[in-house]
Amino acid sequence: MRVSKRRFVQALGAVAATATLASGGARARGMRRRCDLLIIGAGTAGLPAAIFAAQRGARVVVVDAAAQIGGTLLLSSGQMSAAGTRLQREKGIADSPQEHFDDLMRISRGTIDPVIARLAVDHAAPTFDWLMDQGYQVLPDYPVDGVAHEPYSKPRYYWSERRGLAVLDAMRPAFSRAVARGRIELHLEHRAVALRLDASGAASGVVVEDSGGKRSELQAQNVLIASGGYASNAALFEKLSGVPKFLDHSYPLAQGDGLALAESAGGYVRGAEKYLTNFGVILASDDVPTSQLARANFYPQRRQPWEIYVNAEAQRFVREDVPSVDAREQALRFQPVMRHWVVFDQSVVEQAPPLIEDWTTQDMLDAFESRLPCFYRAGSIEALAQAAGLPERALAATLEAYNYGVHTGNDFLGRRHLPCKLVKPPFYAIRHQGTSITSTAGVAVNERLQVVRRDGSAVPNLYAAGEILGSGATQGQAFCGGMMVTPAITFGRLLGQQLIRFS
Ligand SMILES: Cc1cc2nc3c(=O)[nH]c(=O)nc-3n(C[C@H](O)[C@H](O)[C@H](O)COP(=O)(O)OP(=O)(O)OC[C@H]3O[C@@H](n4cnc5c(N)ncnc54)[C@H](O)[C@@H]3O)c2cc1C
């Protein structure tokens, strides 16, 4: 789940276009005081919830703190997964929600929330078919079984050239039509700051604050919190994940407001222990959060490793050519600060294909020459260790042990690709930081997506969908392809279509 600078700039262009369209229409009509459904967040989950609830004739109000609709879809890679879709049938792929569920259990080692993940996969195919009906364009040759994450057993993984924006493009017309017809009332730049409960403890409204700081109260028969996660709230991220928020690639308004709102009604947050990072990126600076400068190509399917990976103790901790991306990520999980150094020598520079994605070998050498943060080069192993902040003797011993394995053809970690000893100075190290740009923990809900208290009872009239439920609910302690965007849209659709009962 990586967004390049080019894509990010494209996304911002779309933001401006959306903002002009949406805010004008909403402001002209003023605020409806009581509605059937008040949705906090016009993003991945909020938009379909509004569209489908409005189709049922409900009076819907949507508030969003941002100046535009779309939320994280403006940045997201937008990869989706769904089993039993029309597209799969057209391509002769026999698949089922049960097989999708079994794969999630396998990949996550049973750490998904079975109730929530089951709800997601059972209803994913109609969601995806609906998006296709709305004009969503899948890349040719898709679905596939996996790209950046652990592969599924069947091709059920979909992606579009325009990534998350393609999902937004597909949902925008139906949403805009409903706004234009007055079926949905949209208030941009209105941040939900408090939840109102009636005497019985049921949700009954929301206090919103506009960009000028003016507060108003909106009453609602039902409230859906679809305000996303907390991945841009560095303090909350560190509190829940136990490590700093290194990378700043999350949606800026993912501040965790919804978690606090749900907690104020008696709900609680669960799943923080499922935190996991990718296998590491090269950070642009040591001041965190920061942006991603680049990342090495860690996929042996695309480039076999010529280097070794060591942790802060200068120990190898994973067989570098292990085919499973999940195996690498799980190994990194147990290393200090989920960080590692890619170490190599001059012979690798001379012989190996480029290490860093989208960079030539010369680009990489320029980074060492410019002494960019994370890039270290030295004439001896000891000097390299000093420069990179690694223990000298341990790094020398690790390289000696690796070179012995290359010599004998018998690596002690079982690595098979052993192209050359690492003995020729200068020596190089590139520091990689494991990062996550999504929220692992989330608000506890039941099978109807009602916010629940610790005793399991539901807070009446209060629902939650999207990343506010935490990635751990649908992915567990693993990265399961497409298992955030698709569940967010699916849950929004289900809530609008059937789960919320309007009197
Ligand atoms: C770079 C990146 C790439 C990703 N790639 C993938 C991928 O390929 N596949 C995948 O499955 N997942 C991916 N994800 C995760 C996925 O995109 C998100 O989990 C999902 O889009 C979140 O949907 P949501 O509806 O919960 O939140 P959002 O879509 O972010 O919507 C929340 C909305 O609520 C608004 N809001 C926030 N607080 C308030 C408040 N107090 N009051 C009013 N409004 C508020 C926000 O402005 C926003 O519009 C990626 C995430 C990132 C950051």
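Everything numeric in this text was worked out from a predicted model, so none of it was measured. Both ligands and their constituent atoms are indexed starting at 1 by order of listing.
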Heavy-atom contacts with [X] under 4.0 Å: which atoms of ligand 1 show up? List them by number with element.
X: Asp257; result: 38 (N), 40 (C), 41 (N)
X: His249; result: 1 (C), 53 (C)
X: Ala45; result: 25 (O)
X: Gly466; result: 26 (O)

Hey, does Gly482 sit under 4.0 Å from ligand 1 if you only count heavy atoms?
-> yes
Please state whether Gln255 comes within less than 4.0 angstrom of ligand 1, counting heavy atoms only.
->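 Outside the 4.0 Å threshold, so no.
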Under a 4.0 Å N-O cut-off, is there an ion pair linking Glu99 with Lys154?
->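 Counted as a salt bridge, because a side-chain N and a carboxylate O are separated by less than 4.0 Å.
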Nearest to [atom] by heavy atom, [options]: which?
atom: atom 26 (O) of ligand 1; options: Glu467, Arg163, Glu189; result: Glu467
atom: atom 48 (C) of ligand 1; options: Val63, Leu47, Asp64; result: Asp64
atom: atom 51 (C) of ligand 1; options: Ile69, Val208, Thr72, Ile39; result: Thr72

Please work out whether any backbone atom (N, CA, C, O) or any side-chain heavy atom from C-beta onward of [X] is under 4.0 Å from ligand 1, and answer side chain, backbone, both or neither.
X: Thr438; result: side chain
X: His190; result: backbone
X: Met80; result: neither
X: Ala226; result: backbone

Test Arg86 against Asp133 for salt bridge (Lys or Arg N to Asp or Glu O under 4.0 Å), laying out the working first.
-> CA-CA 11 Å; Arg86 207 166 55 217; Asp133 291 340; 2.8 Å; yes
Side chains of Arg215 and Val193 in contact at under 4.5 Å (non-hydrogen atoms) |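 Sidechains of Val193 and Arg215: in contact.
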Heteroatom proximity flag, Ile468 to ligand 1, N/O under 3.5 Å | no
Between Thr277, Thr290, Asp248, Asn278, which is the residue that forms a side-chain hydrogen bond (donor to acceptor under 3.5 Å, both in side chains) with Thr435?
-> Asn278
